[in-house]
Visitor: 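Handing you this structure, nothing more for now.
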Amino acid sequence: MSARGGRARLAPYLVGLPGGLWLAIFFVVPLLVMFSLSLQSGNAEAGFQFTWEWSNYTRAWELYSTQFLRSGAYAVVVTTLCLVLAYPMAYWIAFYGGARKSTYLFLILLPFFVSFVIRTASWKFILNDQGFVLGPLKEAGLLPQDFHLLATTTAVIGGLTYNYLPFMVLPLYVALERVDPSLVEAAHDLFASRAEAFRRVVFPLSLPGVFAGVLITFVPVASDFVNSGILGGTQTTMIGNIIQTVYLNSNNYPLASAMSFLLMAALLVGIFTYARVLGTEQVMEVAQR
Amino acid sequence: MARAGKEDPELNMLVGRPDPRVRRRSFLQVAGLLAAAGVAGYAGGTVAGLGDGDPPGAVAAADGQPIAGNRRNERLLNIYNWSDYIDDRTIPLFQAQANIRVNYDVFSSNEDLLARMRAGPTSYDIIVPTNNFIPTYLKLDLIEPLRQDLIPNLTNLDREFVETDYDQGNRYTVPWQWGTTGIGFNRAKVPGGKLDSWASVFEPDAAAEGRVTLLREVTDLIGCALIYLGKNPNSIEDADLAEVVKLVRAARPKLKGFTTDTYIDELAANETWAAQGWSGDVFQAQDQNQDVSYAIPKEGSLRFVDVMAIPKGAPHPANAARFMNYVLHPKVQARISKYVSYGTPVSLAKPLLPTDQTADPSIYPPASTKLSILTLTGQKLQKWQAAYDQIVK
């Protein structure tokens, strides 16, 4: 009897074992290796030695604080834009999508069938100074000849927003889809205006979606390097680009690792603060209903 | 460079249709980016390259005689070369002639290549680093000696490419092509249609703001900046490097960016007006846009030789040696050189090249041009990379 009880108690852990091992091998181990690398000194030719080189961290911040802060600022702007754009979309699909809901969702997912690098690179094509958008506008005298979009903050933020919008739409949709329309009716029956019904009933119920959407948009945007690399210029460099350059071009692995850890730490702190401020418990409570 | 002309029938007869030229620069760049972020093991591996479209009949006979000297008994060769650095016939013709299937991948920076080679064994049989990195490869024991007995065409090489300071006697490397670092510019856009100083890229005019690029490569960036500042191009003095950092940092807001692989297209599209770049790359842009021109600045510049080498433990070293031997054939050299517009290390190929190339001082500069060959090793590597870290931000 007791043996079987023991096994039953073990079962959940056994089920979790493959996933746990996967994480241990492909996440924890590399993370530890990288952490050790971030405290080493030396160069690519002579090799790196572990020397508790904490100065890598201070040096990373001294050299690249601008790019760290810029990445954070971009992520805030992009996440806000995504939220503002995605909410009405998700709302409309959830409440007015009818039988075609899955078609609309599929349309939102459709861009994922094309590599996101190719999609970003084609924006470079579209926004080109002499491209088919700016070219004719300049020709018609609607834009000054030296007007350009590429290599500007606008282009990078535009590209990021475009690329990460679906990540915001999906969790919002899932949350809104679960809101029972009869609750809205009930609110109306109780003399709530449409705006009030939204503010006091629908929006609070969609908060878990907002929470999840913001998380899975903010984190990858803050560490993105493709958009800035392809659409940006020298004044839009994000921390991801710096890590890439320092790693691949100057082969300074310790400095690049230190930067990666700083970025990760900053993101974790940001997320926990965000969870606190928004009140995770409340969100969870709503989610469980 | 006009590139019309008849193909040599002797080299041509085995293949009916050439593979389309594959441009994969941007994908590779991103493979590098992803690898850097540790996103996926999507880099490093072989992404199918030119080998996809096999010439008719070539692979069908792959069960032919095994080739002695390979670690893996396959009629396969994995090449990792610079982007835009080969014509579209050399690989198909080699595949047909040698009955060896080729996977051809491209990279866009020496440091990137070195980082990948250091990370552990890859499946590549031939890599093409630049001469200044060879001491590092040797010191780190990353490349293996060549089977010189399989490369009789080594005798075709010019003396100056045999008696080198980086690999005396070609024990480890075989030159691919050589070139110079200079400035590619758009005659219609720069004042006076001419340009002869590094000042145009290191201290760009306000009018050229956002239209200038510098190389994303430690050696060229810092070496040329030192030359422009009138310093020793091999300097490791902290004061000199601080001046370099100051110079490039000041130029940075006016730059379009740092790039080693997109400036060909950007010059051709009139997007970039002046780009620090490599001679042959600029000529490729010129093929597409007649306004593009190349200058070796009056302050002097750098000369480099890109060399084929076999990574330690490569699966098919004998196939690699065969390819090297093939490439050293004057006709093949002429074909590659004519297409990429870089200098050939095999003078026997010169009579086969158009005279407008062989007589062009920007491809084959006169002896009076001040050109330095840099070697990047030890303290210099470390100090220059530290300076570069300050420049990139």
Side-chain angles (χ1 to χ4, degrees), chain A residues 26-27 30-31 34 41-47 59-60 62-68 115-118 120-121 124-125 128-131 146 148 150-152 220 223-226 229-230 232-237 239-253 255-257 260, chain B residues 26-27 29-38 41 108-116 118 133 135-137 139-140 207 209-211 213-214 216-218 221 251-260 262 269-271 376-379 381-393:
Chain A
F26 294 107
F27 180 69
L31 207 64
M34 215 171 79
S41 60
N43 70 52
E45 188 191 50
R59 196 173 137 71
E62 273 165 26
L63 278 175
Y64 307 117
S65 54
T66 320
Q67 286 77 15
F68 271 110
S115 153
F116 104 109
V117 173
I118 295 181
T120 311
K124 185 173 176 171
F125 214 67
N128 191 335
D129 286 4
Q130 270 83 35
D146 58 351
H148 64 278
L150 283 182
T152 61
S223 44
D224 187 273
F225 53 91
V226 174
I230 295 178
T234 50
Q235 304 303 299
T236 60
T237 324
I239 197 64
N241 304 84
I242 298 284
I243 295 175
Q244 179 223 350
T245 308
V246 168
Y247 190 87
L248 287 181
N249 283 79
S250 63
N251 292 168
N252 194 340
Y253 304 153
L255 188 62
S257 308
S260 306
Chain B
S26 41
F27 304 130
Q29 189 182 18
V30 167
L33 300 178
L34 286 176
S108 58
S109 121
N110 269 308
E111 287 85 3
D112 184 1
L113 176 65
L114 178 62
R116 263 186 225 174
R118 277 181 53 93
F133 276 76
T136 305
Y137 279 89
K139 199 169 165 192
L140 295 174
E209 203 172 309
R211 301 294 186 174
T213 64
L214 290 174
R216 191 187 193 92
E217 177 99 17
V218 178
L221 188 62
R252 209 186 139 90
K254 296 185 221 154
L255 297 177
K256 181 180 170 71
F258 296 88
T259 168
T260 48
T262 59
N270 292 325
E271 266 183 58
L376 201 55
T377 180
Q379 218 190 350
L381 182 78
Q382 186 153 18
K383 289 205 166 184
W384 282 30
Q385 290 183 338
Y388 186 84
D389 286 344
Q390 297 182 306
I391 290 172
V392 296
K393 68 171 179 175

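The structure displayed is predicted, hence computed values, not measured ones. Quick note on labels: first sequence line is chain A, next is B, and so on, each numbered from 1.
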Visitor: Could you report the tightest heavy-atom contact between B:Leu114 and B:Leu140, atom names first, then the distance?
Guide: CD1-CD1, 4.3 Å

Visitor: With a 4.5 angstrom heavy-atom cut-off, which part of A:Thr237 approaches chain B: side chain, backbone, both or neither?
Guide: side chain

Visitor: When only pairs under 4.5 Å are counted, which of B:Leu255, B:Leu113, B:Asp389, B:Val392 shares the most heavy-atom pairs with chain A?
Guide: B:Asp389

Visitor: Just wondering, do B:Leu221 and B:Trp384 contact through their side chains at under 4.5 Å, heavy atoms?
Guide: no

Visitor: Considering only heavy atoms, which portion of A:Asn249 lies under 4.5 Å from any heavy atom of chain B: side chain, backbone, both, or neither?
Guide: both

Visitor: Looking at B:Thr259, is its backbone amide N or carbonyl O close enough to the side chain of B:Thr213 to form a donor-acceptor pair, meaning the two atoms are under 3.5 Å apart?
Guide: no

Visitor: I'd like to verify something: which residue of A:Asn241, A:Thr234, A:Val246 has the highest number of heavy-atom pairs under 4.5 Å with chain B?
Guide: A:Thr234

Visitor: Quick check on B:Leu381 against chain A: is it the side chain, the backbone, both or neither that has a heavy atom closer than 4.5 Å?
Guide: side chain

Visitor: Could you look at B:Lys139 and say if it's the side chain, the backbone, both or neither that has a heavy atom under 4.5 Å from chain A?
Guide: side chain

Visitor: At a heavy-atom separation under 4.5 Å, does B:Glu271 approach chain A through its side chain, its backbone, both, or neither?
Guide: side chain

Visitor: Is the shortest heavy-atom distance from the side chain of A:Val117 to the side chain of A:Ile230 under 4.5 Å?
Guide: yes

Visitor: Using every non-hydrogen atom in the two residues, find where B:Phe133 and B:Glu217 come nearest and quote the distance to one decimal.
Guide: CE1-OE2, 4.2 Å

Visitor: Give, as side chain, backbone, both or neither, the part of A:Leu255 having an atom under 4.5 angstrom from any heavy atom of chain B.
Guide: side chain

Visitor: Please classify the contact of A:Leu63 with chain B as side chain, backbone, both or neither, using a heavy-atom distance under 4.5 Å.
Guide: both

Visitor: Side chains of B:Phe258 and A:Thr245: does their closest heavy-atom pair fall under 4.5 Å?
Guide: no

Visitor: Which atom names give the shortest non-hydrogen contact between B:Tyr137 and B:Asn110, and what distance separates them?
Guide: OH-O, 4.4 Å

Visitor: Let me know if B:Ser109 has heavy atoms under 4.5 Å from chain A in its side chain, its backbone, both or neither.
Guide: side chain

Visitor: Is chain A contacted by the side chain of B:Arg252, its backbone, both, or neither, given a heavy-atom distance below 4.5 Å?
Guide: both

Visitor: With a 4.5 Å limit on heavy-atom distance, are the side chains of B:Thr260 and B:Glu111 in contact?
Guide: no

Visitor: Indicate yes or no: at least one non-hydrogen side-chain atom of B:Tyr388 is less than 4.5 angstrom from one of A:Asn252.
Guide: no

Visitor: Tell me, for A:Phe26 versus chain B, whether the close heavy atoms (under 4.5 Å) come from the side chain, the backbone, both or neither.
Guide: neither

Visitor: Looking at B:Lys256, B:Lys254, B:Gln385, which makes the most heavy-atom pairs under 4.5 Å with chain A?
Guide: B:Gln385

